[in-house]
Amino acid sequence: GMPLNVGRKQRVVSPPMKRALRGRDKCCRFPGCDRHHRLFHEGGFSIQANHNDEWYFRNAAGKILQ
């Protein structure tokens, strides 16, 4: 009776989405990113936009990263 999580183990970005993000952002926006994107998804981080449409990140404890 308990549902199973049968979703993907890893997030996969499609080539068109990757091109669009590179065109818009030029690089990863995560503070101090050295391309370890898996850590973002598995580490409990979140990304949100403020009222000026500027993006910011929070860690798993809710602290805003700079």
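Residue numbers count from 1 along this sequence. Below, each value reflects all heavy atoms present in this structure, side chains not excepted, and no hydrogens, waters or symmetry copies. Keep in mind the model is a prediction, meaning the values are calculated, not measured.
The backbone N or O of Asn52 sits less than 3.5 Å from a side-chain atom of Asn50, completing a donor-acceptor pair.
Residues Arg19 and Pro16 are in side-chain contact: their nearest non-hydrogen atoms beyond the backbone lie under 4.5 Å apart. At a threshold of 4.5 Å between non-hydrogen side-chain atoms, the residues Leu65 and Phe45 count as touching.
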